[in-house]
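What follows is a single structure, written as structure tokens, with notes after it.
The chains referred to below are lettered A, B, ... by the order of the sequence lines, with proteins before strands, and numbering in each begins at 1.
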Number of protein chains: 4
Amino acid sequence: MSTHETSHRRDPRLDRSRSAILSAAVELLSEGGVKAVTIDAVTARSGVARSTLYRHFPNNVELLAAAFQELLPPLRLPAAGGAPRDRLLRLVRAQAEQIESAPALAAVVWLATVGLTTDAPSDDERSRLAALRERIVDNLRGPFDAVLTECLGDRDIDHAAAQLVGPLLFNTLITRRPNDERFCARVVDDYLAGSG
Amino acid sequence: MSTHETSHRRDPRLDRSRSAILSAAVELLSEGGVKAVTIDAVTARSGVARSTLYRHFPNNVELLAAAFQELLPPLRLPAAGGAPRDRLLRLVRAQAEQIESAPALAAVVWLATVGLTTDAPSDDERSRLAALRERIVDNLRGPFDAVLTECLGDRDIDHAAAQLVGPLLFNTLITRRPNDERFCARVVDDYLAGSG
Amino acid sequence: MSTHETSHRRDPRLDRSRSAILSAAVELLSEGGVKAVTIDAVTARSGVARSTLYRHFPNNVELLAAAFQELLPPLRLPAAGGAPRDRLLRLVRAQAEQIESAPALAAVVWLATVGLTTDAPSDDERSRLAALRERIVDNLRGPFDAVLTECLGDRDIDHAAAQLVGPLLFNTLITRRPNDERFCARVVDDYLAGSG
Amino acid sequence: MSTHETSHRRDPRLDRSRSAILSAAVELLSEGGVKAVTIDAVTARSGVARSTLYRHFPNNVELLAAAFQELLPPLRLPAAGGAPRDRLLRLVRAQAEQIESAPALAAVVWLATVGLTTDAPSDDERSRLAALRERIVDNLRGPFDAVLTECLGDRDIDHAAAQLVGPLLFNTLITRRPNDERFCARVVDDYLAGSG
DNA sequence: TCTTAACCGAGACGGTACGTCGCGTCTTTTG
DNA sequence: CAAAAGACGCGACGTACCGTCTCGGTTAAGA
């Protein structure tokens with residue numbers, strides 16, 4: 001059965017160049033923000049040819065998406081055990097911190113933006129963007145939802161996420177206020193009081 | 001002193017060209033989204049010269065900001081009177097509808113984006129952007145906060161806004177779900193239960 | 001010595017791939033002109049791998065040359081016998097027709113172009129191009145010169161060819177006029193009158 | 001009436017940048033041949049921006065045509081007077097020399113090539129190329145035909161040109177032989193003998 | 001009423017980034 | 001071991017915007 005295995009082995013050059021591209025893109029993204037992740041800059045820094053880059057990513061949008069996915073730090077999940085309210089609070093705190101750190105917020109906002117600024121003429125393009133979105137959002141929400149489920153049992157997870165994370169988002173996007181300990185606690189308590 | 005007075009009267013041409021620019025920009029914005037509001041497109045449609053446009057707006061960012069401000073519909077405020085909970089609910093519903101309608105969301109997201117994607121080389125630029133932000137946000141929040149104050153008395157308005165609007169934002173930006181009647185009701189009730 | 005023999009017998013696959021390449025190239029050449037004979041297009045249409053193509057032809061120039069050589073129809077030679085003047089006229093007419101038909105002219109022009117547009121960095125390259133040229137020109141002129149010799153005996157063949165074919169070339173390349181019967185007759189008569 | 005005049009005065013920058021582009025292109029053309037006249041190379045050498053170049057020339061083909069037109073030396077015309085045969089011979093000699101010098105031949109061949117290698121999808125493109133051709137050819141033939149008319153009176157000028165220049169072309173394009181004095185004399189004499 | 005200075009349209013200009021295509025070299029996998 | 005499959009570096013192309021600038025022409029303001 002080695003034939004089958006080998007027939008599906010990828011060309012190692014693909015991985016080499018892809019990772020070269022991605023690491024260059026991530027560097028540029030963290031150094032200079034979204035604006036810095038230029039096709040030209042990435043090729044220059046990675047030493048990869050333009051055509052090679054386009055063989056991996058169909059356009060700068062997908063490249064940026066991949067870079068974000070690479071850049072985003074995993075959510076620091078609270079240890080299991082303890083009172084549900086405490087655990088929830090720690091979870092929300094972690095989420096707040098992640099949002100506070102530039103990349104995660106940038107990712108979310110940028111994602112939302114993409115839908116606005118891209119022409120998206122073809123349905124093909126549109127659906128690929130949607131897939132992209134989903135992939136990134138799932139990546140972000142996955143661990144969060146897992147813990148949430150543990151804490152809340154059979155309650156509506158989507159509603160809980162909206163209630164718990166929405167206010168953080170509002171603060172950061174609209175009022176530009178920090179999500180401090182007190183605020184997080186109020187958010188958690190309001191949620192528990194309401195949906196208890 | 002007529003000299004003084006007349007010397008301060010604006011040249012009517014200024015207003016004429018400014019409004020021509022703005023209406024063209026608003027048209028383009030509502031027709032084709034953010035991407036369509038190009039300097040070239042605006043000058044072409046408005047019949048205003050490039051240099052004139054730049055005399056009114058220092059760059060495309062400010063132009064877009066002005067266009068958004070022009071485009072955003074005012075919040076449909078609930079009539080005074082009635083139970084506070086009902087009024088709050090109607091307020092949140094109106095807000096949800098406004099967010100649902102493309103422009104408002106686009107404005108918010110775009111606003112958030114500006115800070116991320118712009119190079120912002122000088123502090124000057126940065127602060128002007130902040131001012132811009134503030135102006136638009138105030139414009140959006142003003143009427144909302146007014147009603148909120150009426151309903152809630154001396155409670156923390158900022159916290160209330162975060163609790164009430166944040167979840168709507170989360171739904172639209174992250175999960176892409178509609179903010180239906182039921183959801184709004186839960187949001188309001190959770191808030192009232194928690195902060196009561 | 002069978003080893004020696006077999007080592008000199010060509011791998012049949014070589015012929016198969018070469019002819020596949022050539023027929024694809026000829027098709028493309030006649031369909032879309034010089035511009036269509038792309039390495040990528042030829043490999044795609046012939047099903048031959050890139051590396052295989054490059055084993056047969058060192059670069060696209062030689063490939064195109066081979067395609068032209070394959071494509072060019074043989075000159076329709078006038079039957080032997082008859083008055084020399086008539087035979088000459090029929091020869092010139094046939095040549096005119098061949099020039100009129102796109103490929104022959106294209107070949108001639110392209111051949112001339114090669115020397116101009118190629119970088120020709122090495123003398124090696126340059127001499128190979130010259131050989132290529134010679135091969136194609138000989139291929140074209142061979143039958144023509146043979147008939148010419150028959151008709152003209154010991155006269156200067158090169159001069160005759162220049163006098164007889166040059167004007168056709170001029171018409172086609174410079175003035176874009178057709179080489180009609182009358183023109184050909186004048187060309188022949190002028191030549192005979194002058195060099196008689 | 002000065003209004004009318006001034007309103008038609010061209011922006012001086014247009015001439016400045018156009019001549020900068022052209023001289024750079026001519027330099028490159030004479031130094032490195034057709035292949036060297038790259039958009040990038042021209043912009044680099046001329047210090048003119050890419051977009052400016054494209055505002056003057058719609059594509060590299062037209063740029064190259066303009067460069068050729070700039071580069072081609074005028075035909076050294078024979079002084080008036082003297083026997084017609086001598087004058088004709090001097091004219092043909094001059095033409096031979098011009099063809100011998102790279103640029104003229106290159107121009108002619110390149111021109112012929114353009115029709116072959118360009119896709120020319122639209123009729124618009126096709127007709128513009130034809131106009132281009134005509135312009136360059138006229139530029140080349142103009143003085144030549146003038147002298148020819150003087151020498152030959154009412155004879156068919158086009159036919160004469162074909163008979164006199166065609167053989168030179170044949171020698172240079174096909175056989176790669178020099179058009180020496182003796183050859184030119186034979187060409188002239190053949191023509192005079194035939195059409196006398 | 002007549003100047004005159006601000007404002008205007010038109011658009012050229014230098015830049016930067018994009019996405020595409022073709023080439024010739026090269027590696028990897030398969031028959 | 002040769003052929004296919006195709007990744008790769010390279011370099012040119014033509015396009016789209018940007019923000020700056022140079023031009024004349026026009027028009028509203030103030031004398």
Side-chain angles (χ1 to χ4, degrees), chain A residues 3 6-18 20 35 37-43 47-61, chain B residues 2-3 6-7 9-14 16-17 20 35 37-41 43-44 46-61, chain C residues 11 13-14 16-17 35 37-41 43-44 47-55 57-61, chain D residues 3 6-18 20 35 37-43 47-61:
Chain A
T3 343
T6 51
S7 78
H8 279 247
R9 197 152 76 224
R10 287 164 49 81
D11 189 327
R13 286 172 297 175
L14 281 175
D15 297 328
R16 219 171 46 79
S17 57
R18 183 169 219 273
K35 269 301 250 306
V37 185
T38 299
I39 300 284
D40 286 334
V42 172
T43 54
V48 158
R50 206 182 182 67
S51 50
T52 302
L53 192 153
Y54 276 102
R55 225 169 275 120
H56 286 281
F57 303 95
N59 50 51
N60 59 354
V61 171
Chain B
S2 78
T3 340
T6 52
S7 79
R9 192 150 76 230
R10 286 168 51 78
D11 188 327
R13 285 173 295 179
L14 282 175
R16 222 172 41 82
S17 55
K35 253 311 226 339
V37 186
T38 298
I39 299 284
D40 286 334
T43 54
S46 65
V48 159
R50 215 178 174 68
S51 50
T52 306
L53 189 152
Y54 276 101
R55 209 171 293 119
H56 287 285
F57 304 95
N59 50 48
N60 60 350
V61 170
Chain C
D11 188 328
R13 284 174 298 180
L14 283 176
R16 222 170 44 80
S17 56
K35 253 313 225 340
V37 186
T38 298
I39 299 284
D40 285 335
T43 54
V48 159
R50 217 179 172 68
S51 50
T52 307
L53 190 153
Y54 275 101
R55 208 171 292 119
F57 304 95
N59 49 50
N60 61 349
V61 171
Chain D
T3 341
T6 52
S7 78
H8 277 247
R9 195 151 78 226
R10 287 164 50 79
D11 189 327
R13 286 172 298 176
L14 281 175
D15 298 329
R16 217 173 47 79
S17 56
R18 183 168 218 274
K35 271 300 251 306
V37 186
T38 299
I39 299 284
D40 287 334
V42 171
T43 54
V48 158
R50 204 183 184 67
S51 50
T52 302
L53 191 153
Y54 276 101
R55 227 169 275 122
H56 286 279
F57 303 94
N59 50 49
N60 58 354
V61 170

*Check whether the side chain of D/S51 and the base of E/dG15 form a donor-acceptor pair under 3.5 Å.*
yes
*asked:* Nearest whole Å is fine: how far is E/dA12 P from D/R18 CZ?
replied: 13 Å
_Counting the atoms with a prime plus P, OP1 and OP2 as sugar-phosphate, which does B/T43 contact under 4.0 Å by heavy atoms, base, sugar-phosphate, or nothing?_
nothing
_When you compare the side chain of A/V42 with that of A/V37, does any pair of heavy atoms fall below 4.5 Å?_
yes
*Heavy-atom pair with the smallest gap, counting every atom of A/T43 and A/R50*: CG2-CA, 3.8 Å
*Earlier contact from the 5' end, DNA chain E, for C/A41 and D/L14*: D/L14
*Is D/S17 touching bases, backbone alone, or none of the nucleic acid, heavy atoms closer than 4.0 Å?*
sugar-phosphate
*Gap between atoms CG and P, on D/L53 and E/dG15 respectively (whole Å)*: 14 Å
*For F/dG6, does either OP1 or OP2 sit under 4.0 Å from a side-chain N or O belonging to A/R55?*
no
*Would you tell me if any nitrogen or oxygen in the side chain of D/T52 comes within less than 4.0 Å of OP1 or OP2 on E/dA12?*
no
*Heavy-atom side-chain contact between D/R18 and D/V48 under 4.5 Å*: no
_Pairwise 5' ranking along DNA chain F for C/G47 and B/P58, keeping only the more 5' one_ = C/G47
*Within the modelled atom types, does a donor on one side and an acceptor on the other bring the side chain of C/R50 and the base of E/dG24 under 3.5 Å apart?*
yes
*On DNA chain E, nearest-nucleotide positions of A/T38 versus C/I39: which is more 5'?*
A/T38
*Which nucleotide sits closest to the side chain of D/D40: E/dA12, F/dA4, F/dA12?*
F/dA12
_Interatomic distance, B/R16 CZ vs E/dA6 C1' [rounded to whole Å]_ = 14 Å
*Report the residue (B/N60 or A/V48) whose heavy-atom-nearest nucleotide on DNA chain F is the more 5′ of the two.*
A/V48
*Would you say C/T52 and C/R55 make side-chain contact, with heavy atoms under 4.5 Å?*
yes
*Taking OP1 and OP2 of E/dA12, is either one under 4.0 Å from a side-chain nitrogen or oxygen of D/H56?*
no
*Taking atom C1' of E/dG22 as reference, at what distance in whole Å does atom NZ of D/K35 sit?*
11 Å
*Atom-pair distance (CZ on A/R13; C1' on F/dA7), nearest Å*: 4 Å
_Distance, nearest 0.5 Å, that separates CD1 of A/I39 from CG of A/N59_ = 7.5 Å
*asked:* Between C1' on F/dA12 and OH on D/Y54, what's the gap in Å once rounded to a whole number?
replied: 8 Å
